[in-house]
Number of protein chains: 2
Amino acid sequence: MAQSIYSNYPPELSAAQQKFLVTAVKDWAIHNGLAVRPGPTVVPEGGNPNGVLATNAPVTLFPSPFPRTCFTEATALQEVYNKLYASITCNEEWLGEIVKGLIEVDDFVANLWKVHLAVQKEGYAQNLALGLYRSDYMAHVSPAGDTALKQVEFNTISSSFGGLSALVRQMHTELLTSPPGSSINYPSHPLLQSEVPPENTAVETLSSGLAVAHKAYGASKSTPALPLCVAFVVQDTERNVFDQHALSEHLKKTHNIPRGYLGSNIHSRRQLIPTTALPPPHSPDSIFEVTTVYLRAYYSPDEYTSSRDWEARTHLERSAAIKCPTVLNQLSGCKKVQQVLAEPTGLDHLTGFLNDVDASLIERVRATFAPQYDLSPNSKGRELALNPETALNHVLKPQREGGGNNVYKADIPGFLQSLPESDWKGWVLMELINPASNAQNVALRNDGEVLRGDVISELGVYGTILWEDTGKILHNNHGGYLLRTKGKEVNEGGVAAGFSSLDSVLLF
Amino acid sequence: MAQSIYSNYPPELSAAQQKFLVTAVKDWAIHNGLAVRPGPTVVPEGGNPNGVLATNAPVTLFPSPFPRTCFTEATALQEVYNKLYASITCNEEWLGEIVKGLIEVDDFVANLWKVHLAVQKEGYAQNLALGLYRSDYMAHVSPAGDTALKQVEFNTISSSFGGLSALVRQMHTELLTSPPGSSINYPSHPLLQSEVPPENTAVETLSSGLAVAHKAYGASKSTPALPLCVAFVVQDTERNVFDQHALSEHLKKTHNIPRGYLGSNIHSRRQLIPTTALPPPHSPDSIFEVTTVYLRAYYSPDEYTSSRDWEARTHLERSAAIKCPTVLNQLSGCKKVQQVLAEPTGLDHLTGFLNDVDASLIERVRATFAPQYDLSPNSKGRELALNPETALNHVLKPQREGGGNNVYKADIPGFLQSLPESDWKGWVLMELINPASNAQNVALRNDGEVLRGDVISELGVYGTILWEDTGKILHNNHGGYLLRTKGKEVNEGGVAAGFSSLDSVLLF
């Protein structure tokens with residue numbers, strides 16, 4: 001079943017059908033804000049001097065089939081996952097041990113840890129922390145043909161595409177139901193006649209997380225009291241702005257919370273400490289106090305180009321605003337943590353972090369882990385990686401964030417042998433997740449090219465949690481999803497770059 | 001008052017304020033579908049091969065002050081105007097007399113009339129007609145300083161920008177009220193603190209007109225019965241697609257009426273006659289019957305490049321669908337009709353067409369006319385045009401649709417004398433409308449350029465009417481508006497071309 005459903009999906013499009021569908025999708029996308037700013041591959045340098053142009057986000061023309069059991073399980077586990085990462089963040093000693101093992105191979109992790117130590121020394125001004133998470137999975141097909149949910153990664157910072165993925169779900173639904181029961185937008189196909197993608201509440205979930213933190217912050221800490229806002233920290237070169245707008249507009253309209261603006265001169269804003277009070281650059285007489293700093297920046301090493309950026313991050317961490325996320329919470333999302341949790345031969349960390357969670361639920365979380373290993377001497381991981389036969393079932397990932405390309409299967413033993421053994425600690429070995437091998441879809445890229453072919457889909461589920469540093473949880477919620485569908489030849493690449501597409505799910 | 005309100009408006013923007021406001025407007029526009037496809041002045045040929053790019057519609061950064069009395073009067077008169085143009089359309093003899101006087105100077109009018117005669121000969125298959133109108137005005141300031149509403153033109157075909165103008169109103173309102181009472185988006189200014197632009201129900205009004213016609217069409221006339229739709233006839237090169245999408249999406253979501261698609265091969269669709277039944281090009285098995293043909297094309301002479309286009313228009317006119325508009329209704333909107341109605345020394349046509357309308361209301365309609373004259377021998381118009389002193393208060397407009405540039409003031413006598421007298425019947429003389437001379441605004445063009453300067457604003461009010469050829473009116477409604485603000489140096493030019501901007505009104 002898992003594989004056969006893909007065999008004749010999606011239906012073939014005639015030239016006229018494809019032309020119509022592409023036009024409908026292109027126009028729907030712009031009409032509804034399912035858009036991105038075009039990159040240099042779409043509009044050559046100099047072709048967009050005032051930055052006015054926009055294009056559709058890369059999207060699939062059809063929703064993709066996805067196993068209902070996997071979707072339901074991912075949704076059911078999200079709040080346990082939220083709790084797991086809040087608990088890890090509260091255990092500074094445990095997290096510190098992992099980080100210390102990485103300092104030698106990962107400058108980025110080392111510098112984040114330094115920020116934590118500096119702020120810890122003077123004392124954190126805020127004991128609440130907010131997580132807006134996305135847990136990413138694939139539907140793994142075992143050699144026996146069973147399907148199981150397997151986690152790819154857990155994002156603790158800048159979890160993106162909630163705004164746009166809700167729009168993709170809306171677009172596919174409208175195309176499927178116009179007119180209801182016999183869509184004229186798609187060729188006839190059994191999968192396209194009964195189901196529509198499940199509701200996608202990503203915007204509501206993420207916005208309500210920000211709103212809960214805003215409220216938990218309490219009254220203004222300034223004298224006289226200032227109006228309060230949630231500040232979005234964004235990249236100067238951000239192209240995925242409409243995804244963020246979906247959240248800030250919902251925050252304003254539904255929760256009546258204004259969005260604050262932190263410019264790129266955060267590092268020099270001494271007045272941010274301890275209370276994050278700021279005048280918007282365009283309205284110097286309107287001073288706002290920031291209750292919550294929502295980072296859609298500072299997640300990647302390449303965003304820190306000088307000491308000014310690290311000063312800025314330190315400033316944010318020192319402030320009395322609730323951080324989404326804190327530096328420690330960001331660190332809890334590093335690959336090494338995932339590997340330690342998923343090491344089959346290691347200690348049972350899960351039960352410790354989820355000590356008030358039902359054992360069967362913990363086992364369901366554990367079942368979503370693909371086995372992961374470090375490469376320390378005499379370890380199971382080293383054995384599996386160097387053996388050409390077992391290597392075939394694995395991928396070697398760089399430990400360091402933004403640390404280069406993955407190495408696959410038969411290439412692993414030779415690649416490792418080409419490195420000095422002292423560098424091996426910079427790598428993690430992970431058992432391969434095998435999604436359905438015959439899934440196909442048609443993608444409309446953001447340059448308007450239409451590509452049909454074999455694809456791999458990743459499901460992300462959104463969750464949000466607010467907790468005290470004591471471990472007490474004030475809010476824990478989940479809702480909404482992202483389906484990201486990539487051409488099979490693409491192993492790396494972000495949606496915004498046009499190498500993969502936003503999608504929605506047809507459950508089967 | 002009329003003039004003084006403009007003297008310090010809009011407030012100056014600092015560089016930081018302007019940068020912020022421009023970014024906010026650019027992003028809001030794309031996030032909410034206040035967009036157009038870019039033309040070749042924005043993206044050079046070859047820069048947009050798949051037609052994916054979009055940009056903000058040209059908009060003003062600030063709403064424009066507009067006299068409340070003029071706005072209220074325009075709104076109050078719209079349904080009388082709807083009725084006037086329905087009545088004119090029903091009087092084929094009266095309209096025919098005017099058209100016959102134009103045939104010599106205006107091929108386009110001549111050809112439209114031929115379409116009417118051909119269809120009349122075989123018998124019209126539909127006795128209902130639908131008007132989606134926009135009456136355009138300026139707030140005229142008399143030499144004594146009084147303000148009065150004066151009509152610029154009345155549009156009976158393809159009345160556009162209802163969808164986008166409702167969005168501009170929403171955008172200005174959000175900028176003005178965030179946070180409520182003390183917007184941080186604009187510098188402080190008394191006009192920007194209390195008022196927001198009045199509600200703009202253009203989309204609801206225009207869509208409900210289409211929905212009323214759809215319903216009035218009744219059951220399918222085909223055997224077996226077919227599903228019904230409203231067909232939008234659009235230009236292949238249309239860039240203002242999102243304006244139309246606002247109507248078709250509202251029609252679908254609110255009235256559950258599907259949009260049909262008539263391709264550019266209308267001329268060859270013999271099966272359209274008499275019942276307009278068509279399979280969408282992309283879904284040959286789904287045949288729909290068209291209840292209502294909504295023309296967003298075929299309004300301008302340059303759209304008719306061959307006899308195929310005239311055949312297509314004739315086909316549409318012959319069909320059993322309700323036309324919006326009929327050929328006769330389109331002809332009622334020609335400049336000559338407006339001139340005959342507005343000729344101060346001519347017959348009182350208004351009272352005849354509005355025979356069941358209160359006399360005081362008819363006088364209020366008449367008061368919106370700027371005096372207009374033909375240039376026949378010994379006429380008042382000829383006298384005013386050739387006298388250099390009276391010419392100063394007039395504009396000479398070409399009678400022919402798309403017929404070239406207006407001639408202003410002192411240039412009129414010399415221009416006329418340079419033409420053979422036999423060509424003078426191709427021109428209409430109109431008393432100048434003088435809008436406030438010191439109005440200013442800041443426009444964001446669709447190429448991202450920001451222009452500040454003296455402006456002239458035109459108010460359009462939308463109305464819709466459905467009537468029988470007997471003159472019986474089945475539906476008459478109004479609602480929604482367009483404010484189009486042009487740089488003062490621009491005398492001609494459409495919004496989509498970037499020479500003028502979409503705006504909203506602050507009533508004073």
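The chains referred to below are lettered A, B, ... by the order of the sequence lines, with proteins before strands, and numbering in each begins at 1.
- Put simply, of A/V450, A/V52, A/L167, the one with the most heavy-atom pairs under 4.5 Å next to chain B is A/V52.
- Neither the backbone nor the side chain of A/N48 comes within less than 4.5 Å of any heavy atom of chain B.
- Heavy-atom contacts from other residues, nucleotides or ligands closer than 6.0 Å to NZ of B/K252 number more than 12.
- Each of A/A54, A/P227, A/A246, A/G33 has some count of heavy-atom pairs under 4.5 Å with chain B, and the biggest count is that of A/A54.
- Comparing B/D27, B/V241, B/T55 by heavy-atom pairs within less than 4.5 Å of chain A, the highest count is held by B/D27.
- Neither the backbone nor the side chain of A/K19 comes within contact range of chain B; no heavy atoms are under 4.5 Å apart.
- A donor-acceptor pair shorter than 3.5 Å cannot be found between the side chains of B/Y294 and B/Q244.
- At a 4.5 Å heavy-atom cutoff, the contact between A/E249 and chain B is made by side-chain atoms alone.
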Going through the distances and angles, do A/H172 and A/T60 end up as a side chain to side chain contact (heavy atoms under 4.5 Å, CB included)?
CA-CA 9 Å; A/H172 283 157; A/T60 57; 3.3 Å; yes
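- No salt bridge links B/R169 with B/D503; every basic N to acidic carboxylate O contact stays at or beyond 4.0 Å.
- More than 12 heavy atoms of other residues, nucleotides or ligands shown are found within 6.0 angstrom of NZ on B/K253.
- Neither the backbone nor the side chain of A/A29 comes within contact range of chain B; no heavy atom of the residue lies under 4.5 Å from a heavy atom of that chain.
- Heavy-atom pairs under 4.5 Å with chain A peak, among B/N56, B/D447, B/V43, at B/D447.
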With side chain to side chain donor-acceptor pair (under 3.5 Å) as the criterion, how do A/Y186 and A/Q17 come out once you've worked through the C-alpha distance, each side chain's angles and the decisive distance to 0.1 Å?
CA-CA 8 Å; A/Y186 292 119; A/Q17 283 167 337; over 6 Å; no
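- Residue A/P258: no heavy atom, backbone or side chain, is found under 4.5 Å from chain B.
- Note that the CD atom of A/E204 and the NE2 atom of A/H250 stand 4.5 Å from one another [nearest 0.5 Å].
- Within the 4.5 angstrom heavy-atom criterion, only side-chain atoms of A/A35, from C-beta onward, approach chain B.
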